[in-house]
Amino acid sequence: MKKILCLITVLFLASNAPALAYETSPDSNWKVTLGLGGIIRPEYEGSDSYEGWPLPYIDLKYKDRFFLNPWRGIGLDLYKNEELTVGTALGFDFGRDEEDDALLQGMGDVGETVELGLFAEYKLDPLTFGLDFAQDIADGHGGFTLGGSLGSKFALPDHSTFLMPSLNATFASENYMESYFGVDHLQAVRSSLAFYDVESGIKDVGASLRVLHRLDNHWSVVGFVSYSRLVGDAADSPVVAKENQFTGGSFLTYTF
């Protein structure tokens with residue numbers, strides 16, 4: 001269950017492209033999108049092996065303010081106009097288990113945690129600029145990340161297919177980097193890895209493409225592929241088997 005929840009959480013983390021507006025009843029305060037599909041992703045960040053999982057897709061919004069979705073968690077848009085959206089959310093980081101890979105044996109687990117997030121999006125057609133901050137508040141990795149993104153959205157001539165490309169980068173604090181990429185003296189003794197000290201800095205850079213094809217006003221097919229490259233101290237970590245990381249998936253969704 002832990003791994004399934006983790007996969008749901010990271011479903012669209014690499015894609016900060018703007019969400020699409022579906023046609024809903026003007027009398028309804030709710031917008032609900034449900035779906036089913038699956039994704040393929042690395043066993044852990046830095047792994048050279050992949051795993052695939054079938055997954056549900058859930059995206060709820062109430063009065064265009066409160067939301068629940070797999071890329072931000074549970075949150076609230078604090079301020080919103082046509083160009084700028086600022087909000088806060090509670091998200092989840094399900095850590096990392098040493099049993100995920102033989103390379104991690106002796107490293108111990110990185111604990112599950114809740115993260116308090118702040119985000120901002122500014123739309124300057126056809127571009128959307130985004131910032132996402134997430135701070136551990138439940139003693140998991142003990143640090144924070146700050147992500148920046150540049151995305152866009154445009155329709156193909158059929159007016160039913162939408163492409164959402166995005167570029168992104170992530171800065172991570174020293175505590176975060178130590179938890180996921182460092183090897184302390186005790187871990188070096190217990191594992192086959194050498195001691196490795198890390199500092200805060202840019203953790204990864206990447207790009208993603210999200211595609212949505214509307215079958216009608218309710219049914220849609222959503223697909224995505226994302227690429228990220230670990231850089232700096234993260235890329236040089238002995239727990240990283242491969243710097244280049246890919247994630248992809250597709251879903252059939254229904255919007256009420």
Side-chain angles (χ1 to χ4, degrees), residues 8-35 57-93 113-138 140-141 143-155 162-173 176 200 202-210 212 214 217 220 222 224 226 228 253 255-256:
I8 294 173
T9 302
V10 303
L11 181 58
F12 286 116
L13 275 180
S15 176
N16 291 316
L20 290 173
Y22 291 87
E23 296 178 12
T24 55
S25 168
D27 298 326
S28 175
N29 290 321
W30 288 91
K31 185 179 80 172
V32 181
T33 300
L34 302 176
Y57 178 86
I58 303 173
D59 185 2
L60 310 178
K61 197 146 195 177
Y62 179 68
K63 290 188 175 181
D64 205 31
R65 291 287 181 180
F66 297 92
F67 60 80
L68 167 64
N69 60 51
W71 54 94
R72 285 215 169 101
I74 302 171
L76 170 67
D77 291 340
L78 300 173
Y79 175 82
K80 190 170 187 177
N81 60 28
E82 292 184 358
E83 291 83 25
L84 179 64
T85 300
V86 178
T88 185
L90 287 176
F92 305 93
D93 184 320
T113 192
V114 177
E115 295 178 326
L116 176 62
L118 298 172
F119 63 87
E121 286 186 351
Y122 182 75
K123 295 179 180 179
L124 185 63
D125 283 338
L127 301 176
T128 298
F129 302 87
L131 285 175
D132 288 88
F133 173 83
Q135 170 67 56
D136 177 9
I137 58 173
H141 55 71
F144 69 85
T145 59
L146 177 64
S149 64
L150 173 61
S152 186
K153 177 183 73 176
F154 57 91
F162 299 83
L163 302 181
M164 291 162 283
S166 178
L167 300 174
N168 51 77
T170 307
F171 174 91
S173 69
Y176 182 99
S200 60
I202 302 297
K203 175 177 74 77
D204 62 61
V205 295
S208 64
L209 177 64
R210 187 176 171 193
L212 183 144
R214 286 179 175 169
N217 285 341
S220 297
V222 179
F224 78 98
S226 68
S228 67
T253 66
T255 299
F256 297 88

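All residue numbers in this chain count up from 1 along the given sequence.
Atom CZ of Phe92 and atom CD of Glu115 lie 10.0 Å apart (nearest 0.5 Å). In this structure, the separation between CZ on Arg214 and CZ on Phe162 is 4.5 Å, given to the nearest 0.5 Å. Distance check, rounded to the nearest 0.5 Å: CG of Asn69 to CD1 of Ile58 gives 10.5 Å. Interatomic distance, CZ of Arg210 versus CG of Leu163, reported as 12.0 Å (0.5 Å rounding). Note: Leu167 CG to Ser208 OG = 8.0 Å, rounded to the nearest 0.5 Å. Atoms OG1 and CG, from Thr88 and Leu116 in turn, are 4.5 Å apart once rounded to the nearest 0.5 Å.
Counted by atom type alone, Asp93 and Thr113 present zero donor-acceptor pairs between their side chains at under 3.5 Å.
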side-chain contact (heavy atoms from CB on, under 4.5 Å) assessment of Leu124 paired with Glu83
CA-CA 7 Å; Leu124 185 63; Glu83 291 83 25; over 6 Å; no

Working note: Glu121 + Lys153, criterion salt bridge (charged side-chain N to carboxylate O under 4.0 Å, His left out); need CA distance, chi angles, decisive distance, verdict.
CA-CA 14 Å; Glu121 286 186 351; Lys153 177 183 73 176; over 6 Å; no

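Between Leu90 and Ile137, some side-chain heavy-atom pair lies under the 4.5 Å cut-off. Between Leu146 and Thr170 the shortest side-chain heavy-atom distance does not fall below 4.5 Å. For the pair Phe224 and Val222, the minimum side-chain heavy-atom distance is 4.5 Å or more. Between Ser200 and Tyr176 there is no side-chain heavy-atom pair separated by less than 4.5 Å. For the pair Leu60 and Phe66, the minimum side-chain heavy-atom distance is 4.5 Å or more.
Within the cation-pi definition used here (under 6.0 Å to the ring centroid, within 45° of the axis), Arg72 does not qualify as a partner of Phe67.
Residues passing the salt bridge (Lys or Arg N to Asp or Glu O under 4.0 Å) test with Asp77, sequence neighbours excluded: Lys61, Lys80. Every residue two or more places apart in sequence or in another chain that forms a ring-ring contact (aromatic ring centres under 6.0 Å, His included) with Phe133 is listed here: Phe144. Annotation: ring-ring contact (aromatic ring centres under 6.0 Å, His included) contacts of Tyr62 (sequence neighbours excluded): Trp30.
For the side-chain hydrogen bond (donor to acceptor under 3.5 Å, both in side chains) with Thr33, the lone residue among Thr253, Thr255, Asp59 that qualifies is Thr255.
Contact between Phe119 and Leu76 at its shortest, heavy atoms only, is CZ-O, 4.4 Å. In this structure, Ile202 and Val205 approach most closely via the heavy-atom pair CG2-CG1, 4.3 Å. Closest heavy-atom contact between Leu131 and Gly148: CD2-CA, 4.1 Å.
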